[in-house]
**Q** 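One structure, as structure tokens, below. Some questions next.
Each chain gets a letter, A, B and so on, in the order its sequence line appears, and its residues count up from 1.
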There are 2 protein chains.
Amino acid sequence: MQRAATIHDVAAAAGVSRQTVTRAMNAMPGINVDTRERVLAAARELSYRPSRFGRGLVKADHRMLGLVLDDLTNPFYPQLASAVTGAAGRAGWNVVLTDATHAVDREALLADLSRQVDAVIGYLWLDPSVQARLFAGVPVVEIDPIRRQPLNGAVTFDLRPAMRDLVRHLTAHDVRRPLMVDQARPGERSGRAKVFASELERVGLGGDHVSIATGSTAGDLAAIGAALDAHTDADVVLVYNDLLALGVLGALRHRGRRAPDDVRVVGIDGLSIGELVAPRLTTLALDMAEVGRSATELVLGMRAGELPLTGAAVRRKVRHRLLLRDSA
Amino acid sequence: MQRAATIHDVAAAAGVSRQTVTRAMNAMPGINVDTRERVLAAARELSYRPSRFGRGLVKADHRMLGLVLDDLTNPFYPQLASAVTGAAGRAGWNVVLTDATHAVDREALLADLSRQVDAVIGYLWLDPSVQARLFAGVPVVEIDPIRRQPLNGAVTFDLRPAMRDLVRHLTAHDVRRPLMVDQARPGERSGRAKVFASELERVGLGGDHVSIATGSTAGDLAAIGAALDAHTDADVVLVYNDLLALGVLGALRHRGRRAPDDVRVVGIDGLSIGELVAPRLTTLALDMAEVGRSATELVLGMRAGELPLTGAAVRRKVRHRLLLRDSA
DNA sequence: CTGAAAGCGCTTACAG
DNA sequence: CTGAAAGCGCTTACAG
């Protein structure tokens, strides 16, 4: 690759000083029209683009946001990405997208990211000590963090009110045998499953629980089928997320059972795709635009020095809400 | 926001020269262990992070890739994003994601992007003259470009072989009345619709055509319903993309008609979500991993000077293929 | 309207 | 093992 033209080359080609090149390139006032044209022509001729490094060194406002997501093939994350890039873009920020799912060395990947950006939003899933080391001095807003006391900023989700509404809705329709199709490590339960269980218990209901070890779509589908076959008495299935819930709807249909008549099906997330299928998916929905907006506001406020980098002032809570469509 | 610590601050705090700070921060050899520890401690204390601008000015290998997509809420684009970030990440590149859908000033957005990155992949949809101006000297690979002679690099899609396979499959099953549910400007037909029509014609079949003006999901669904009601005699529906095809499946089900028995349904794209629904969606599928890999290889080769920035050497073609699942 | 000087924060040779 | 000098490509005052 041949050396890229610098301001010096353009200045020489146009027979002016570098300062004048700056004036022309940045459309600054106080420059002769002819001179400007001559400079711009030279720049065009040389395919000159000002180095972002030279400029960045001397300009103060850097606006590169790192967004760390987990799996772009689950539409949940793109919806978040869309919300964040939208909110960030309106503030003049660019977004570096990092899908950390398949990273061989997640820590190295995020360390590299932390050097490239001025603020970070996303799913970090790091040990606190590692996080502190990698992102020292960097505004960070975690989405749905694992730990109760997040190290930095955080947008947390509050599933309980919507879950309570759901259980109320279900009991009003005489549901007796709930099944949770979960996604968790063997022997464990997700936070979502726990909230469901506790809300069921509150109204005197029990319920079954199976966990899908997500690896491949085919594997998930097989596991979903097995779970449904093992629990044919379930009258409602709450699924860990909307994507798997679509799989449950498909598996039921494949078995000649219909939602909501034979069994009710409820997802979690609120993906817009749930609107497209039939029956339309009832779900505990998150307003992703709100999540993206909140996270962006927080992290930009932290970056601007208007908010601290840590503590209660940089936490926001977003509630799921029960979105009754057709499947339950 | 308080001024961030620089190499100078760390040097002063540790009582060494800036050069020694560089050695410690970059784990370079030839530095006393105690000195290094002292420097790193000072850096930690000051939350020092080396400026990417200072470093970028003096280091040669810049690896920031701009990815321009159109609408992250259609899973097609995230699948592409996932493929590109994966391929780029393996080469040590970071990806700046730009969702240009809702940009007030698309040209300004892309002009800004072109200053932030070292190479560009994506859906530009610019006039050639504008593209030439904005991306002069920047390696660019367009995905599925509109014009036949793309200005720079390009990964084009070839739908025809898969379409021919589809029509063969359909005629083998005695299909007589095809309907294309298209997405195009009023009075026009998409390239996809044209290929379908010409392949139908080749076997002596005609077909109906309706266009969905996509604006909102609700509007699309209403339009799809109206289209199906107006063409109840159709025995196969080819849909512009998988996302809308899911809507067609839902609308059919809503009307008590079943795929593939009552009417066959075929999408285009090959989204993995088509695997989850029932019936699983038959589609003309694109190998997105291949698309992402090809585009990334091209653009990095261009950047490295191994490939020209324009011409036939920087074009790749990716073929759709008929993916027979359950809906047709 | 134009240019010479200084400096942004780093790293790369080069001395010691 | 450590530091003084030079320079990367820009922009910001400041002179003229």
**Q** Which whole-number value in Å describes the distance from B/R52 CZ to C/dC10 C1'?
**A** 14 Å
**Q** How close or far is atom P of D/dT12 from atom CE of A/M25, stated in whole angstroms?
**A** 14 Å
**Q** When you measure from the side chain of A/N32, which nucleotide among C/dT12, D/dT11, C/dC1 comes out closest?
**A** C/dC1
**Q** Please tell me if A/T35 has a side-chain N or O lying less than 4.0 Å from either OP1 or OP2 of C/dT2.
**A** yes
**Q** Using whole Å, what does the distance between atom P of nucleotide D/dG16 and atom CD of A/Q19 come to?
**A** 16 Å
**Q** Which is more 5' along DNA chain D, the nucleotide nearest B/V58 or the one nearest B/R38? Just name the residue.
**A** B/R38
**Q** Just to confirm, is there a sub-4.0 Å distance from OP1 or OP2 of C/dT2 to any side-chain nitrogen or oxygen of A/T20?
**A** no
**Q** Would you mind classifying the nucleic acid contact of B/V21 as base, sugar-phosphate or nothing, using non-hydrogen atoms under 4.0 angstrom?
**A** nothing
**Q** Base, sugar-phosphate, or nothing: which does B/R49 touch, judged by heavy atoms less than 4.0 Å apart?
**A** sugar-phosphate
**Q** Could you please name the partner base of C/dA4, counting Watson-Crick and G-U wobble pairs only when both distances are under 3.5 Å?
**A** none
**Q** What is the nucleic acid contact for A/S51, judged by heavy atoms within less than 4.0 Å: base, sugar-phosphate only, or nothing?
**A** sugar-phosphate
**Q** Is the closest basic N to carboxylate O distance between B/E297 and B/R316 below 4.0 Å?
**A** yes
**Q** Between B/R319 and B/E290, does any NZ, NE, NH1 or NH2 come within less than 4.0 Å of an OD or OE carboxylate oxygen?
**A** no
**Q** Expressed in angstrom and rounded to an integer, what is the separation of A/R36 atom CZ from C/dC1 atom C1'?
**A** 12 Å
**Q** B/I31 has an atom CD1; how far is it from atom P of C/dT12, in whole Å?
**A** 14 Å
**Q** How would you label the contact of A/I7 with the nucleic acid (heavy atoms, under 4.0 Å): base, sugar-phosphate, or nothing?
**A** base
**Q** Are any of A/S17's side-chain N or O atoms less than 4.0 Å away from OP1 or OP2 of C/dT2?
**A** no
**Q** If I take atom CG in residue B/L57 and atom P in nucleotide D/dA6, what distance separates them, rounded to the nearest angstrom?
**A** 18 Å
**Q** For the pair B/D287 and B/R293, find out whether any cationic side-chain nitrogen is under 4.0 Å from an anionic carboxylate oxygen.
**A** no
**Q** Is a salt bridge present between B/D61 and B/R63, judged by a nitrogen-to-oxygen distance below 4.0 Å?
**A** yes
**Q** Mind checking if A/T6 touches a base, just sugar-phosphate, or nothing, with heavy atoms under 4.0 Å?
**A** sugar-phosphate
**Q** What is the distance, rounded to the nearest whole Å, between atom CE of B/M28 and atom C1' of C/dC10?
**A** 12 Å
**Q** Aromatic rings B/Y77 and B/Y123: how do their planes relate, parallel, tilted or perpendicular, breaks at 30° and 60°?
**A** perpendicular
**Q** Looking at A/D9 and A/R18, does any basic side-chain N land under 4.0 Å from a carboxylate oxygen?
**A** no
**Q** 5'-most contact on DNA chain C: A/R18 or A/R23, nearest heavy atom basis?
**A** A/R23
**Q** Can you tell me the distance, in whole Å, between the CG atom of B/D61 and the P atom of C/dT12?
**A** 10 Å
**Q** Ignoring the backbone of A/P50, work out which of C/dT2, C/dG9, D/dC10 is nearest its side chain.
**A** D/dC10
**Q** Can you tell which of D/dT11, C/dT12, C/dG3 lies closest to the side chain of A/R55?
**A** D/dT11
**Q** Heavy atoms from C-beta onward define the side chain here; which of D/dG9, D/dT11, C/dT11 lies closest to that of A/K59?
**A** D/dT11
**Q** If you assign each of A/G30 and B/Y48 to its closest nucleotide in DNA chain C, which residue comes earlier from the 5' end?
**A** A/G30
**Q** With both distances kept under 3.5 Å, what pairs with C/dA13, Watson-Crick or G-U wobble?
**A** none
